[in-house]
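Structure record follows, encoded as structure tokens.
Because the structure is a prediction, the values reported are computed rather than measured.
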Amino acid sequence: MEDNDVTSANSKGKPAAVLMIQGTASDVGKSLLTAALGRIMTQDGYLASPFKSQNMALNSYVTVDGKEIGRAQGMQAEAFGITATTDMNPILLKPSGEMTAQIVVHGVPHAALSAREYREKFLPEAKSTVMDALDRLRETYEVVLMEGAGSPAEINLKSRDIVNMNLAGWADAPVLLVADIDRGGVFAFLVGTLELLEPHERARVKGFIINKFRGDLSLLQPGLDWLEERTGIPVLGVLPFLPQLRIEAEDSVVLEGTSGQHRADKGKELDIAVIRYPRISNFTDFDPLVDEPDTTVRYVTRAEELGMPDVIILPGTKNTAADLAYLREQGFPAAITLALKDGARQLVGICGGYQMLGVKLLDPDAVESSEPRETAGLGYLPLSTVFLQEKTTVRVSGSLATDHPLQLKGSLPEIVTDIPVTGYEIHMGITTNHGEASVRSLFNLTEPAGTIQSEGWGTLDGKVWGTYLHGLFHNDVLRRAWLDGIRVAKGLEPLELTFSAADLREQEFDRLAAAARESLNMSAIYEIMGLTRK
């Protein structure tokens with residue numbers, strides 16, 4: 001569809017126009033559609049912001065002021081070309097057990113509550129938190145795209161809803177309802193959702209969008225005609241399935257079906273196995289590795305799937321002790337030791353995985369458990385971790401330590417010592433080294449206060465190392481030099497720099513927006529929002 005100028009509805013001081021994206025179920029594409037619409041509106045000259053009142057995710061994002069929000073809202077803000085703030089996701093739920101979650105309010109841990117406690121104690125007070133954040137966004141931006149959660153037709157949750165139809169009513173927002181045709185039953189999902197809404201809620205639904213369509217659209221048209229006739233609501237677009245869309249996912253549901261299988265071409269020369277424990281978090285750390293031309297990343301849940309990879313990675317986790325117990329139950333420690341003995345070249349720990357590599361985990365304040373306890377670590381590094389009530393959430397930058405143990409290869413003159421590093425930390429523990437002679441520090445990082453701090457530790461031979469840094473592999477020079485070190489150790493030629501993760505991200509945002517602009521009736525969407533499009 002053509003690009004046109006637009007006139008803002010709040011150019012005379014009115015609050016920002018709002019539009020709410022709701023879905024017939026979880027993982028139908030709400031987050032990506034919100035990103036696509038925001039990218040389009042930004043391209044069309046609007047100052048737009050994302051908003052999700054309450055998000056449940058283990059993949060999180062650290063804002064520039066060191067606060068924690070859902071990763072989807074951070075991603076959306078980047079797609080919109082703006083700086084993410086906690087107003088864009090004022091309430092974040094981070095599951096820590098089957099029935100409990102850490103409640104993060106405006107980027108700071110608030111409480112650990114059971115599902116019942118959350119509904120009975122927290123939700124009655126949450127409306128003001130949500131609406132104050134939304135009001136600030138509407139005062140700052142011209143457009144606010146609101147994303148719902150799950151389905152608006154969850155009957156047992158509707159009375160205290162703060163993220164779907166109640167919120168749409170408080171904001172007086174029109175709603176677009178999204179369904180995923182790839183999972184089947186798309187017409188039943190859409191009509192059934194409408195049937196379970198109250199009449200005033202149903203009246204807010206101004207259009208349908210069908211996501212992930214493959215094939216000949218003309219074959220779907222009779223169904224679209226029937227849907228519009230049956231409901232009186234227009235279909236505003238059918239989005240195509242976009243293969244290998246390189247935009248990070250928020251939830252580990254996207255990893256379903258990948259256990260023990262390669263997520264990329266099995267003919268690639270480097271094999272990286274990421275152990276997927278139940279509470280895996282921030283697995284988007286490894287997306288740039290997936291995009292490398294010579295690297296396969298696979299997620300394994302059972303010890304027998306591990307095999308003999310080049311690298312074994314222990315990723316982040318919401319509960320280190322619980323996922324360490326899972327590793328032991330599944331027999332991973334013995335499998336890891338065997339792999340390292342018989343040919344695996346490195347064992348890497350990121351955040352919670354880094355903590356597991358140490359000798360012991362101390363939880364004197366019962367931060368991760370119901371009572372104080374001490375847990376033995378895997379013992380690969382001479383470290384101990386003490387869990388604390390206060391959470392560390394910070395963005396950092398720096399460079400490799402002068403005598404770092406990482407095995408790096410490449411032709412750039414600074415490849416050994418002067419590689420810049422940026423990342424972020426999210427953890428509730430302090431890790432201490434008790435055997436400095438047997439390990440070396442990895443990075444020198446500049447903390448927000450301006451002091452230089454050593455971070456991360458590795459064995460002198462570089463075979464085992466760990467760090468608190470999320471986003472480490474988004475550093476292009478470091479990522480490629482590290483992979484080339486493994487290639488050379490295998491007798492392969494280095495590839496050197498292959499791509500920019502940041503540039504690839506921007507290209508994928510534009511690819512997503514182009515597909516959406518081609519497929520959606522943007523003129524109708526602008527009209528629904530009360531915006532005049534020139």
Side-chain angles (χ1 to χ4, degrees), residues 244 246 248 255 258-276 280 282-316 332 335-350 353-354 357 380 400 404-412 415-416 419 421 423 442 456 458-459 461-467 469-501 504:
Q244 297 182 329
R246 296 174 177 88
E248 59 201 20
L255 301 181
T258 66
S259 290
Q261 301 175 6
H262 294 283
R263 291 184 63 194
D265 182 2
K266 292 185 179 182
K268 292 187 176 184
E269 297 155 309
L270 301 184
D271 178 19
I272 296 178
V274 179
I275 297 180
R276 182 191 170 193
I280 185 173
N282 288 68
F283 59 86
T284 52
D285 284 342
F286 315 115
D287 285 356
L289 298 177
V290 175
D291 294 326
E292 285 287 356
D294 60 339
T295 304
T296 288
V297 176
R298 56 191 175 93
Y299 290 81
V300 299
T301 56
R302 301 192 306 272
E304 55 266 30
E305 298 170 346
L306 187 61
M308 201 62 59
D310 295 296
V311 180
I312 301 167
I313 297 181
L314 301 177
F332 273 108
I336 291 171
T337 299
L338 180 63
L340 290 174
K341 178 182 176 182
D342 290 349
R345 300 181 185 280
Q346 291 188 27
L347 171 62
V348 177
I350 306 294
Y354 170 42
L357 292 177
Y380 286 101
L400 281 174
H404 69 85
L406 297 182
Q407 301 169 357
L408 307 179
K409 298 292 181 182
S411 63
L412 297 178
I415 206 68
V416 177
I419 298 177
V421 174
L442 302 182
T459 57
D461 62 3
K463 194 153 189 173
V464 180
W465 56 273
T467 175
L469 288 192
H470 292 290
L472 182 66
F473 299 118
H474 287 73
N475 292 276
D476 300 323
V477 175
L478 176 62
R479 178 186 70 250
R480 193 59 249 178
W482 174 64
L483 292 173
D484 279 346
I486 299 170
R487 287 183 65 87
V488 170
K490 294 183 67 172
L492 302 170
E493 290 293 320
L495 298 186
E496 300 173 6
L497 287 181
T498 51
F499 70 93
S500 162
L504 178 61

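Nearest heavy atoms, F286 versus V297: O-CG2, 4.4 Å. Nearest heavy atom pair, residue L289 against residue I313, reads CD1-CD1, 4.3 Å. In plain terms, the two heavy atoms of F473 and R479 that are nearest each other are O-NH1, 2.8 Å. Nearest heavy atoms, I419 versus A481: CD1-CB, 4.4 Å.
Rounding to the nearest 0.5 angstrom, the gap separating the CG atom in N282 from the OG1 atom in T284 is 5.0 Å. D484 contributes atom CG, which lies 9.5 Å from atom CG of L408 (distance to the nearest 0.5 angstrom). For the atom pair CD1 of I486 and CG of L270, the computed distance is 6.0 Å after rounding to the nearest 0.5 Å. Here the CG atom belonging to L406 is positioned 12.5 Å from the NZ atom belonging to K409, to the nearest 0.5 angstrom.
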Check against side-chain contact (heavy atoms from CB on, under 4.5 Å), D285 and L472 | CA-CA 7 Å; D285 284 342; L472 182 66; over 6 Å; no

Test F332 against L314 for side-chain contact (heavy atoms from CB on, under 4.5 Å), laying out the working first.
-> CA-CA 11 Å; F332 273 108; L314 301 177; over 6 Å; no

side-chain contact (heavy atoms from CB on, under 4.5 Å) assessment of L495 paired with T295 = CA-CA 11 Å; L495 298 186; T295 304; over 6 Å; no

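The backbone N or O of A501 sits less than 3.5 Å from a side-chain atom of D476, completing a donor-acceptor pair. E292 places no side-chain N or O within donor-acceptor distance of the main-chain N or O of F499, the cut-off being under 3.5 Å. T296 contributes no side-chain N or O that, together with a main-chain N or O of K268, makes up a donor-acceptor pair within less than 3.5 Å. With D310 contributing its side chain and D271 its backbone, the two residues share a donor-acceptor pair below 3.5 Å. Judged purely by atom type and a 3.5 angstrom limit, R298 uses its side chain to pair as donor or acceptor with the backbone of L306.
Under the rule for a side chain to side chain contact (heavy atoms under 4.5 Å, CB included), the partners of P405 that lie at least two apart in sequence or sit in another chain are R440, L442. Not counting sequence neighbours, the partners of Y354 by the ring-ring contact (aromatic ring centres under 6.0 Å, His included) test are Y468. Shown here are the side-chain hydrogen bond (donor to acceptor under 3.5 Å, both in side chains) partners of E304, two or more places apart in sequence or in another chain: R302. Residues forming a side-chain hydrogen bond (donor to acceptor under 3.5 Å, both in side chains) with D294 (at least two apart in sequence, or on another chain): R480, R487. Judged as a side-chain hydrogen bond (donor to acceptor under 3.5 Å, both in side chains), and not counting sequence neighbours, K463 has no contacts.
Residues H470 and I350 are in side-chain contact: their nearest non-hydrogen atoms beyond the backbone lie under 4.5 Å apart.
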With a cut-off of 3.5 Å and sequence neighbours excluded, list every side-chain donor-acceptor pair involving residues 335-349.
from : atom 1 : to   : atom 2 : distance (Å)
T337 : OG1    : P333 : O      : 3.0
T337 : OG1    : Y380 : OH     : 2.8
Q346 : OE1    : W465 : NE1    : 2.7
Q346 : OE1    : W482 : NE1    : 2.9

